[in-house]
K.L.:
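One structure, pasted below without further comment.
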Amino acid sequence: MFVRQANLPLCEEHFPWWFERKVERTLRRYKMVGPGDRVLVAVSGGKDSSTLLSVLAELSGKMGFEVASVTLDLGIGGNSYSKLSVETAETIARKLGVEHHTVSIKDKYGFTLDEAVRAVRRPPCSLCGLIKRYALTDVAREMGFDALATGHTLNDVARFLLSSYITASLAELVRLTPVSASELPGIPRRIKPFYESLEEHIKAYADLKGLKYLRDGCPYARTAPMDFLRSFLDGLEARSPGMLNAMVRGYVKHIRPALEAYLKDKLPELRPCSKCGMPSSGDVCAFCRMRERVLERLS
Ligand code: FES
Ligand code: ZN
């Protein structure tokens, strides 16, 4: 394996070692976890989240934190895709010896993602993002975890950066941090340990470790509006290795603090949603409003 970004040739034995050290550095640099923390890892069964669980399970002993995992059964693809996702995640967690939880959003909130897509005029990925963000935080809060870890990669962060820039979504842009501090008491902080890790390295690690992750994509993936940015950024990285890292690092170090100062007093303060108690910018949170509409259509 040749790590072009660092001009570093590595053998099969040392590449996983290098990759784990890199994630460890990210965890320490952004103070994502501390000794004694209980970390819940969101696992969809795909390459990135499965690898994240494997790496965090590996680092947990040395760094003194605890790891458990959770998979949301979203009810996608008439359940067939979600079923596969749940089974894959459960198998990976069992092999790693990690405590695992499966949460069905139909059981917990009364509807599946497929039902929400039919009921609400909104792109599937945007609904899926809203549901996942909400449900994962909700579950982590209920189970008393200190942090919720997601498998967002350097490629994902670069893509969000660019798409938020294109649409001038400043509020979303400023939230794009490696760690988002707890928004209200009792709400776990959200961490992205792969904030500085490229997908090509994640894949190489997963394959060298023999992780049996889910290779099928989500049936809604082709509806993702900004997906062309993915191949554009891959091309950029291929031509100038290290470009994505420079872009994201520069953002965190220079652009985000300036943006945060600019937005000070311009963004609504978060308060508990009057229905569910989760952080919300208005009286009722976006999830509760969406849920009400979906349940109304279903009844
Ligand atoms: Fe699955 Fe967007 S909802 S990829
Ligand atoms: Zn709510």
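Both ligands and their constituent atoms are indexed starting at 1 by order of listing. Keep in mind that this is a model prediction, so the values were computed, not measured.
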K.L.:
What angle, in degrees and rounded to 10°, do you get at the Zn ion (ligand 2) when you join it to SG of C288 and to SG of C273?
P.N.:
110°
K.L.:
Which of parallel (below 30°), tilted (30 to 60°) and perpendicular (above 60°) describes F19 and Y205?
P.N.:
tilted
K.L.:
Run the numbers for me: atoms of ligand 1, each under 4.0 Å from some heavy atom of C128, listed by number.
P.N.:
3 (S)
K.L.:
Report, in ascending order of atom number, the atoms of ligand 1 lying under 4.0 Å from any heavy atom of C218.
P.N.:
1 (Fe), 3 (S), 4 (S)
K.L.:
If only atom types and distance count, is the side chain of K22 paired as donor or acceptor with the main-chain N or O of E196 below 3.5 Å?
P.N.:
yes
K.L.:
Counting only heavy atoms, which portion of C125 has something under 4.0 Å from ligand 1: side chain, backbone, both, or neither?
P.N.:
both
K.L.:
Please confirm whether the backbone N or O of S197 pairs with a side-chain atom of T153, one donor and one acceptor, at under 3.5 Å?
P.N.:
no
K.L.:
Please note down the angle at the Zn ion (ligand 2) between SG of C285 and SG of C276, to the nearest 10°.
P.N.:
120°
K.L.:
How are the rings of W17 and H14 set to each other: parallel, tilted or perpendicular (split at 30° and 60°)?
P.N.:
perpendicular
K.L.:
Tell me, please, whether Y262 has K264 positioned over its six-membered ring: NZ or CZ under 6.0 Å from the ring centre and within 45 degrees of its axis?
P.N.:
no
K.L.:
Within the 4.0 Å heavy-atom shell around Y220, which atoms of ligand 1 are there?
P.N.:
3 (S)
